4 protein chains.
Amino acid sequence: MAKNTLPATSEHEEKLERLLAVAAEIFAEKGYHHASIRELSRRAGVSLSGLYYYFSSKEELLFMIQERSLRRVLDGLKHKLKRSDEPAGRLRAMIGNHVGFFAQNMAAMKVLTHEFDSLEGKYKARIRDLRLEYSNLCTELLRELRRSTGSDEVLPLNVATSALFGMMNWIYTGYQPGSSIPVDRLSEHLFRLFTGGFSSSAEPAASLERRVG
Amino acid sequence: MAKNTLPATSEHEEKLERLLAVAAEIFAEKGYHHASIRELSRRAGVSLSGLYYYFSSKEELLFMIQERSLRRVLDGLKHKLKRSDEPAGRLRAMIGNHVGFFAQNMAAMKVLTHEFDSLEGKYKARIRDLRLEYSNLCTELLRELRRSTGSDEVLPLNVATSALFGMMNWIYTGYQPGSSIPVDRLSEHLFRLFTGGFSSSAEPAASLERRVG
Amino acid sequence: MAKNTLPATSEHEEKLERLLAVAAEIFAEKGYHHASIRELSRRAGVSLSGLYYYFSSKEELLFMIQERSLRRVLDGLKHKLKRSDEPAGRLRAMIGNHVGFFAQNMAAMKVLTHEFDSLEGKYKARIRDLRLEYSNLCTELLRELRRSTGSDEVLPLNVATSALFGMMNWIYTGYQPGSSIPVDRLSEHLFRLFTGGFSSSAEPAASLERRVG
Amino acid sequence: MAKNTLPATSEHEEKLERLLAVAAEIFAEKGYHHASIRELSRRAGVSLSGLYYYFSSKEELLFMIQERSLRRVLDGLKHKLKRSDEPAGRLRAMIGNHVGFFAQNMAAMKVLTHEFDSLEGKYKARIRDLRLEYSNLCTELLRELRRSTGSDEVLPLNVATSALFGMMNWIYTGYQPGSSIPVDRLSEHLFRLFTGGFSSSAEPAASLERRVG
DNA sequence: AATGAATGAGGGTTCATTCAT
DNA sequence: CATGAATGAACCCTCATTCAT
């Protein structure tokens, strides 16, 4: 009976999405605090006050950008993990998912990695929870992998997780579009670099030192 | 009497140093753009206008913090590199130097890693040069190491460098003082994690997959 | 069927009346200028733009609240005055009417007493006229009373009128519902307090001083 | 030794006082919420931001106006009460003090009587305390007076206090400068009007009714 | 060497109101 | 009748910086 059965993405949602994209670009370029709603208004072609129909504060804007990015990364990851049972493949999927998403949503991901502390109160708490969920999931993958390779490593898993995220998030620092390696290759490089050190345990490092000593 | 014969470190320099330290803390806490000179004035116990005797703009303040940190890291590294000839030891020295410095100058190092894009014009150019020098030096260490282990890796060295810096810089994200591993152990963990993957080349990764497959 | 034959109180009028009541509450709570049409929209469950079908501006809203209240007070008073011929009874009726109406329409009456100056132009003029009519009627009652008691008071009647309104309007300042005296008693108190001073002329005050001196 | 021994009123304090006076005028004219800091800036000949050197928010401005007025009224009253021991004289002093202060500081006093609810939080609490102190002191004066005249009135003292403040505060509603009675006479009128009713208790009112009935 | 006082530019946000649908 | 979406004007406030002293 209804003229249009509600589409998956309403016009309203579409416009909000577009605003979030533009805002993410500005936040990524200038940093959250230096960015101005007035510039968003200009770039989006919407009046300053008109923006507030779509969000209720600059901070909510930041929150929405971070939340949607994180959710999409997490959902993508969970979906991919269903396809693989063996630990190395699962870690490879995780890295591929993260790096791939980063490459395709550079602005939003930069905001996600750089502007967590710009949030406050409830917003911050909710993003912290999501981040924790993501990071715990990742730590779990590492635990599986370690168990499967039988290495009795002393490297604390949280340090490993941190290092892995550091590698993945830093790689696009100072990135110039077009000047770089295809995402697939990059992911594979990072995967090997990390698992090489992570799975080889203390011994290979020792052997390395012997070899080079 | 000798008030005016310039001592090795003049009173003026000492006070500037103190201001830089306080400023670094504020910048680290709130981010450069959100931080306010007023707060520096408050925390340092100096009048707002009095501050401008020691620096000429907020941006110069940011520049000085970054420049001094980078120089000290670089100088420390160069000094330590003199003591060792073998590639693995030299890389270990580099990681130890960076992580150690980070742990001891958390605020300044956070500013260094987070606020490069907040600089502009000449300031930005000069910090870029120093960063490049540091990063090139690091890439050189990796090249030495690869040559010495004989691995004909396809992993591009700039990717490796990026990944290494990512690991080192990320490790103190969300750091809570007192709740963590001693710096020496942390450095060693990172060293092994990185070199394990970096030096084992494609083969170990392949063997890993065989093992887990 | 009779949807379009205008009833004594049309649906339209009923809804307007409800809106005026809600608006009066908001204006009383926050003051006219601080109150927002958005809040009226929220509390009344009508869309922001939907409101403008019932009134054409925020100021008209304020005007309507004041006008209707004043008219009802005035009409009530005139009606009651028909029942009594003796001056004291007529003044008592006036006070009872005012205080009673205040107690039953606290919000609207607060708006009436507090927000006259928030009106402008024609709206203000029309309310001023009504206020004047009310106040003149009241002054007339005082004149009757004075004549009947034969007191040759020097107290100017407009001062007396002002004082009387002050007493009546102030009494509900900081009023907490339920914590107070019944309206009838309150009216009687005010009536006696006022007439006691008003009718006793200069002499009793002198005697008072003698007594306490 | 000091160049100038600090004067009772520093230049800074003088300027603040001037700003408060101008602000009080604007608040009195347009109401707190409708008044704009921009207009204060214009009328005071100080830049918008320059104002914030003297107060930290619009609400603090309102608070300072109310607090200083109240304190001056209270201090003036306490001082005058020292001179008189007999209850009627003390009440007369109270009314004279209040009305006199109102006449000389019309703007500030209008703000004090109209904009209490525009305050919030701590500011509101502190003004409420002062108001309470004033109102309690006034109630005490009434209690003394009643005791001394031996009248066993049933009129509750808080109603009497309310009525008295209502009379005093309302008298300048719609006041036009120059068009009015001298303050002294006005005070005396109000004093007699109030005490006449307050002290004559139920009997005179009864006699009045008999007379007029 | 240091400061109190002042400023222009710009920030985020709210508001009453309108208009196509 | 009623609404979702949009707007221009105005709001309070903060900031880095300056300058006379």
Side-chain angles (χ1 to χ4, degrees), chain A residues 3 10-12 15-16 30 32-41 44-62, chain B residues 3 10-12 15-16 32-41 44-62, chain C residues 3 11-12 15-16 32-41 44-62, chain D residues 3 10-12 15-16 32-41 44-62:
Chain A
K3 222 188 280 177
S10 63
E11 277 179 39
H12 184 269
K15 179 144 190 189
L16 171 56
K30 318 204 154 185
Y32 172 72
H33 289 296
H34 199 53
S36 97
I37 297 286
R38 275 165 168 82
E39 175 146 12
L40 174 56
S41 151
V46 178
S47 76
L48 189 51
S49 48
L51 291 174
Y52 282 80
Y53 186 74
Y54 293 92
F55 52 86
S56 63
S57 74
K58 191 187 180 189
E59 199 186 359
E60 194 193 68
L61 198 52
L62 178 58
Chain B
K3 219 195 267 182
S10 64
E11 280 178 35
H12 182 272
K15 182 148 185 187
L16 171 57
Y32 173 72
H33 290 295
H34 198 53
S36 93
I37 298 285
R38 266 170 170 78
E39 177 145 14
L40 175 56
S41 150
V46 178
S47 79
L48 193 51
S49 41
L51 292 173
Y52 282 79
Y53 180 74
Y54 294 93
F55 53 86
S56 64
S57 75
K58 192 186 179 188
E59 199 186 358
E60 193 193 67
L61 200 52
L62 178 58
Chain C
K3 220 194 269 181
E11 281 179 35
H12 182 273
K15 182 149 185 186
L16 172 56
Y32 172 72
H33 290 296
H34 198 53
S36 94
I37 298 286
R38 265 168 170 78
E39 177 144 13
L40 175 56
S41 149
V46 178
S47 78
L48 192 51
S49 40
L51 292 173
Y52 281 80
Y53 180 74
Y54 294 92
F55 52 86
S56 65
S57 75
K58 192 187 179 188
E59 200 186 357
E60 193 192 66
L61 200 51
L62 178 58
Chain D
K3 221 187 284 178
S10 63
E11 277 179 39
H12 185 271
K15 178 144 190 190
L16 171 57
Y32 172 73
H33 291 297
H34 198 54
S36 97
I37 297 285
R38 274 166 169 81
E39 176 144 14
L40 174 56
S41 152
V46 178
S47 76
L48 189 52
S49 48
L51 292 174
Y52 283 81
Y53 186 72
Y54 293 91
F55 52 84
S56 63
S57 73
K58 191 187 180 187
E59 199 186 357
E60 195 194 65
L61 199 51
L62 177 58

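What you are looking at is a predicted structure, and each value in this text was computed from that prediction instead of being measured. The figures here come from the full heavy-atom set of this structure, side chains too, leaving out hydrogens, waters and symmetry mates. Naming convention: chains lettered A, B, ... in sequence-line order (proteins, then strands); numbering from 1 in each chain.
Contact between the side-chain N/O atoms of B:Lys15 and the OP1/OP2 oxygens of E:dA2 is found at a separation under 4.0 Å.
Although no hydrogens or angles enter the test, the distance criterion places no donor-acceptor pair under 3.5 Å between the side chain of B:Lys15 and the main chain of B:Tyr54. Under the 3.5 Å distance criterion, the side-chain polar atoms of A:Lys30 are left unmatched by any main-chain donor or acceptor of A:Ser36.
Across every non-hydrogen atom of B:Leu48 and B:Ser41, the tightest pair is N-OG, 3.5 Å.
In this structure, D:Glu11 atom CD and E:dT3 atom P are separated by 19 Å, rounded to whole Å. Remark: C1' of E:dT17 and CD of C:Glu60 are 14 Å apart, rounded to the nearest angstrom. For the pair C:Tyr32 OH and E:dA16 P, the interatomic distance rounds to 8 Å; values are reported in whole Å. To the nearest angstrom, P of F:dA2 lies 12 Å from CG of C:Leu16. In this structure, the NE2 atom of C:His34 is 15 Å from the P atom of F:dC11, given to the nearest Å. Atom pair C:Leu61:CG and E:dT17:C1' shows a separation of 14 Å (rounding to whole Å applied). Per the geometry, CZ belonging to D:Phe55 stands 14 Å off C1' belonging to E:dA5, to the nearest Å. At whole-Å resolution of the value, NZ in B:Lys58 and C1' in F:dC15 are 8 Å apart.
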Criterion side-chain contact (heavy atoms from CB on, under 4.5 Å) on B:His33 and A:Tyr32, from CA distance to verdict
CA-CA 9 Å; B:His33 290 295; A:Tyr32 172 72; over 6 Å; no
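For the atom pair A:Leu51 CG and A:Arg38 CZ, the distance stands at 11.0 Å (nearest 0.5 Å). Rounded to the nearest 0.5 angstrom, C:Leu61 CG and C:Ile37 CD1 are separated by 5.5 Å.
On a pure distance criterion of 3.5 Å, no polar donor-acceptor pair joins the side chain of D:Arg38 and the base of F:dA10.
Within the 4.0 angstrom heavy-atom criterion, no nucleotide atom of any strand lies near B:His12.
The end-to-end axis angle of the helix from E:dA2-F:dT21 to E:dT21-F:dA2, rounded to 10 degrees and based on five pairs per end, is 20°.
Taking D:Ser57 as the reference, D:Glu59, D:Glu60 meet the side-chain contact (heavy atoms from CB on, under 4.5 Å) condition, with sequence neighbours excluded.
Within residues 45-54 of chain C, the residues having any heavy atom closer than 4.0 Å to DNA chain E are, in order of number, C:Leu48, C:Ser49, C:Tyr52.
Between D:Tyr53 and D:His12, the ring planes lie perpendicular to each other; the angle is over 60°, past the 30° to 60° tilted range.
Remark on DNA chain F: of its neighbouring residues B:Ser56 and D:Ala35, the 5'-side contact belongs to D:Ala35, judged by nearest-heavy-atom nucleotide. Nearer to the 5' terminus of DNA chain F, by closest-nucleotide assignment, is the contact made by D:Ser57 (compared with the other of B:Ser36 and D:Ser57).
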